[in-house]
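So that we are looking at the same thing, I have put the structure below in structure tokens.
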Amino acid sequence: MTTILHNATLATMTEGYGLVEGGAVVIEGERILWAGPEGAMPATPGERLDLGGRLVTPGLIDCHTHLVFAGDRAREFEMRLNGATYEEVARAGGGILSTVRATREASEEALLAAALPRVDAMLAEGVAVIEVKSGYGLDIATELRMLRAARRIAEQRRVRIVTSFLGAHALPPEYAGRHDDYITEVALPALRAAHAEGLVDAVDGFCEGIAFSPAQIARVFAEARVLGLPVKLHAEQLSNLHGAALAARHGALSADHLEYLDEAGVRAMAEAGTVAVILPGAFYTLRETQPPPIALLRRHGVPMAVATDCNPGSSPMTSLTLAMNMACTLFRMTPEEALAGATRHAAKALGLADCGRIAPGFRADLAVWDAAHPAELAYRIGATPLHARFFGGRRDA
């Protein structure tokens with residue numbers, strides 16, 4: 001089946017915005033057959049849809065989320081605002097381990113059911129691809145259950161799911177003070193089991209003083225290499241342990257957060273082609289004061305992606321367009337950089353070569369907006385002007 005979208009402004013995102021006024025897109029099956037100025041469109045029979053001059057972008061890509069989990073941490077949020085310290089919150093049962101407890105107690109069906117409303121909110125903002133991490137089980141059975149639930153999202157919704165194994169996320173209480181034992185006895189066996197079951201697209205870790213050391217992360221990355229899986233890393237969020245440089249040495253797809261990244265780390269990422277994933281939601285929620293070094297990343301030509309970091313504790317956000325706005329207002333990224341960060345650079349951060357642009361041969365995952373210019377997507381706050389969403393060439397009902 002051939003569908004022709006015409007009378008549109010295209011932000012092809014092939015380079016910069018890649019704006020095409022008076023543009024058209026020819027869709028054949030799930031792929032884009034042609035895109036460009038309507039006057040240059042080859043004669044093609046098919047169903048024609050007049051978009052009334054609306055803006056068309058690639059479907060958005062949320063390349064960093066933790067959206068499969070159980071429970072919530074709203075009470076913890078309230079406690080912090082009332083002056084409770086991190087230690088007081090933890091003693092009251094809060095923090096990441098409260099999510100671990102709830103997630104361990106949840107069935108696969110319950111995890112899937114809890115995730116779907118968050119997915120629906122993302123789809124309503126033109127998202128076509130979502131990365132989903134494990135990391136709230138911290139035991140073999142629950143890590144696998146989280147990944148199975150994540151895979152099943154694509155059976156329930158018209159969306160592409162990319163999964164990341166994040167067994168090295170935090171240390172569960174039963175392994176207190178035994179980080180290396182946890183890596184040996186839980187993280188690595190869980191990774192092997194998840195890979196054997198076909199549940200993993202990439203391997204992630206959290207390299208911080210409150211999580212795992214560079215040497216411990218290197219053990220996880222070495223296993224990923226044996227299994228033929230790409231890696232990525234939560235790095236330099238709270239301190240500089242040189243995790244980004246470690247990730248770059250392992251050819252990582254991305255290093256994420258990066259508030260404390262130094263120039264040596266930026267250079268390493270540039271040389272390795274590692275994408276910087278910018279996560280303003282956690283910066284905002286945690287009321288951090290040191291932003292990531294956007295100017296350094298820009299100067300060294302490091303591609304910058306933008307994502308929600310959707311999670312129950314530090315970024316309970318499902319709006320990728322809000323993350324784009326925050327990247328601009330908090331970190332001084334430009335609207336063009338923010339949209340590239342939610343399309344072509346986000347695709348690169350996931351190792352995907354068939355999405356994130358409007359170009360022949362790419363998937364026909366498209367978002368049609370009630371907007372005249374792509375800067376509006378980062379400019380608006382809390383108002384998503386989505387008119388229609390196409391996934392695999394087919395419009396949502």
Side-chain angles (χ1 to χ4, degrees), residues 59-72 96 99-100 102-123 125 127-170 186-187 189-206 220 224 227 229-234 253-254 256 277 279 307-313 315-318 320 346-347 349-352 355 365 391-392:
L60 302 186
I61 299 169
D62 197 340
C63 66
H64 182 128
T65 87
H66 305 252
L67 62 77
V68 170
F69 60 85
D72 70 76
I96 188 173
T99 300
V100 171
T103 302
R104 286 179 174 182
E105 293 169 1
S107 67
E108 184 180 320
E109 292 294 335
L111 290 173
L112 176 62
L116 288 176
R118 297 188 275 270
V119 172
D120 289 340
M122 293 175 175
L123 303 192
E125 293 200 355
V127 171
V129 182
I130 305 172
E131 186 259 15
V132 182
K133 304 178 191 297
S134 69
Y136 290 128
L138 308 183
D139 61 31
I140 296 172
T142 315
E143 289 292 300
L144 294 176
R145 191 157 65 246
M146 289 184 68
L147 291 167
R148 292 187 196 111
R151 284 286 200 230
R152 289 179 60 192
I153 291 169
E155 300 170 3
Q156 300 287 322
R157 297 293 187 269
R158 285 167 24 87
V159 66
R160 186 175 184 176
I161 297 296
V162 178
T163 55
S164 295
F165 174 81
L166 183 56
H169 188 201
V186 178
L191 172 55
R192 295 181 194 114
H195 176 260
E197 203 173 319
L199 297 174
V200 187
D201 297 313
V203 176
D204 201 347
F206 188 18
V220 177
L227 297 174
L229 293 169
V231 299
K232 56 183 61 186
L233 187 64
H234 292 60
L253 293 172
S254 72
D256 305 28
V277 178
L279 302 170
T308 63
D309 191 19
C310 173
N311 74 71
S315 187
M317 176 169 73
T318 55
L320 186 51
L350 297 179
L352 301 178
C355 58
D365 297 338
F391 182 74

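Nothing fancy with the numbering, it's 1 onward along the sequence. Note: hydrogens, waters and symmetry copies are ignored here, and every other heavy atom, side chains too, is used.
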Roughly how far apart are L199 CG and L191 CG, rounded to 0.5 Å?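 The distance works out to 11.0 Å.
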Could you tell me which non-hydrogen atom of T103 sits nearest to which non-hydrogen atom of A70, and how far apart they are?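 Closest approach of T103 to A70: OG1-N, 3.3 Å.
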Check: D309/H64 side-chain N/O donor and acceptor closer than 3.5 Å: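 Checked: D309/H64 side chains pair up, N/O donor to acceptor below 3.5 Å.
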Donor-acceptor contact present, side-chain E143 to main-chain G135, <3.5 Å: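 Side chain of E143 to backbone of G135: a pair is present.
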Any side-chain heavy-atom pair of I61 and C355 under 4.5 Å: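 Yes, their side chains come closer than 4.5 Å.
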Heavy atoms, side chains only, cut-off 4.5 Å: are N311 and T99 in contact?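 Contact flag for N311/T99 side chains = no.
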Does a side-chain heavy-atom distance below 4.5 Å link L67 with I153?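 SC-SC contact between L67 and I153 confirmed.
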State whether the side chain of T163 and the backbone N or O of V132 hold a donor-acceptor pair below 3.5 Å, judged by distance alone.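 No.
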If we only count heavy atoms from C-beta on, is the L138 to T142 side-chain gap below 4.5 Å?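 Side chain of L138 against side chain of T142, heavy atoms only: no contact under 4.5 Å found.
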Return the CG to CD distance between L60 and E125, rounded to the nearest 0.5 Å.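 The CD atom of E125 is 8.0 Å from CG of L60, to the nearest 0.5 Å.
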Could you pull out the closest heavy-atom pair between L233 and G205, with the gap in Å?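 Closest pair (atom of L233, atom of G205, distance): CD1-O, 3.2 Å.
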On a heavy-atom basis, which atom in D365 and which in A128 lie closest, and how many Å separate them?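 D365 and A128 have their closest heavy atoms at CB-CB, 3.8 Å.
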Does the S134 side chain pair with the main chain of F165, one donor and one acceptor, at a distance under 3.5 Å?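 Looks like no, no N/O pair under 3.5 Å.
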Answer whether the closest heavy-atom distance between the side chains of L350 and K232 falls below 4.5 Å.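 Sidechains of K232 and L350: in contact.
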List the steps, then state whether side-chain contact (heavy atoms from CB on, under 4.5 Å) holds for L279 with S315. CA-CA 9 Å; L279 302 170; S315 187; over 6 Å; no
Keeping the roles fixed (side chain from D62, backbone from T308), state whether a donor-acceptor pair exists under 3.5 Å.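 Such a contact is found between D62 side chain and T308 backbone.
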Between CE on residue M122 and OG1 on residue T65, distance to nearest 0.5 Å: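 The CE atom of M122 sits 5.0 Å away from the OG1 atom of T65.
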Between the main-chain N or O of R104 and the side-chain N or O of R145, is there a donor-acceptor pair closer than 3.5 Å?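 Yes, because the side chain of R145 sits within donor-acceptor range (under 3.5 Å) of the backbone of R104.
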Residue among K133, R151, R160 satisfying salt bridge (Lys or Arg N to Asp or Glu O under 4.0 Å) with D201: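 The residue from K133, R151, R160 that satisfies salt bridge (Lys or Arg N to Asp or Glu O under 4.0 Å) with D201 turns out to be R151.
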To the nearest 0.5 Å, how far apart are CZ in R148 and CD in E197?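 That separation rounds to 4.0 Å.
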For L144 and A190, work out which heavy atoms get closest and say how close.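 The answer is CD2-O, 4.1 Å.
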Mind listing the closest non-hydrogen atom pair of V220 and A168 along with its distance?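 Here V220 and A168 meet closest at CG2-CB, 4.2 Å.
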Shortest non-hydrogen contact from L112 toward A149: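 Closest pair (atom of L112, atom of A149, distance): CD1-O, 3.7 Å.
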Any donor and acceptor pair, going by atom type alone, linking the side chain of H66 with main-chain N or O of C310 inside 3.5 Å?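 Not confirmed, H66 side chain does not pair with C310 backbone.
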Do R118 and F69 form a cation-pi contact, if we require the NZ or CZ to be under 6.0 Å from the six-membered ring centre and within 45 degrees of the ring's axis?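 Yes, R118 and F69 form such a contact.
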I'd like to check L166 versus Y136 (side-chain heavy atoms, cut-off strictly below 4.5 Å). Are they in contact?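 When only atoms from C-beta onward are counted, Y136 and L166 do not touch, as no gap falls below 4.5 Å.
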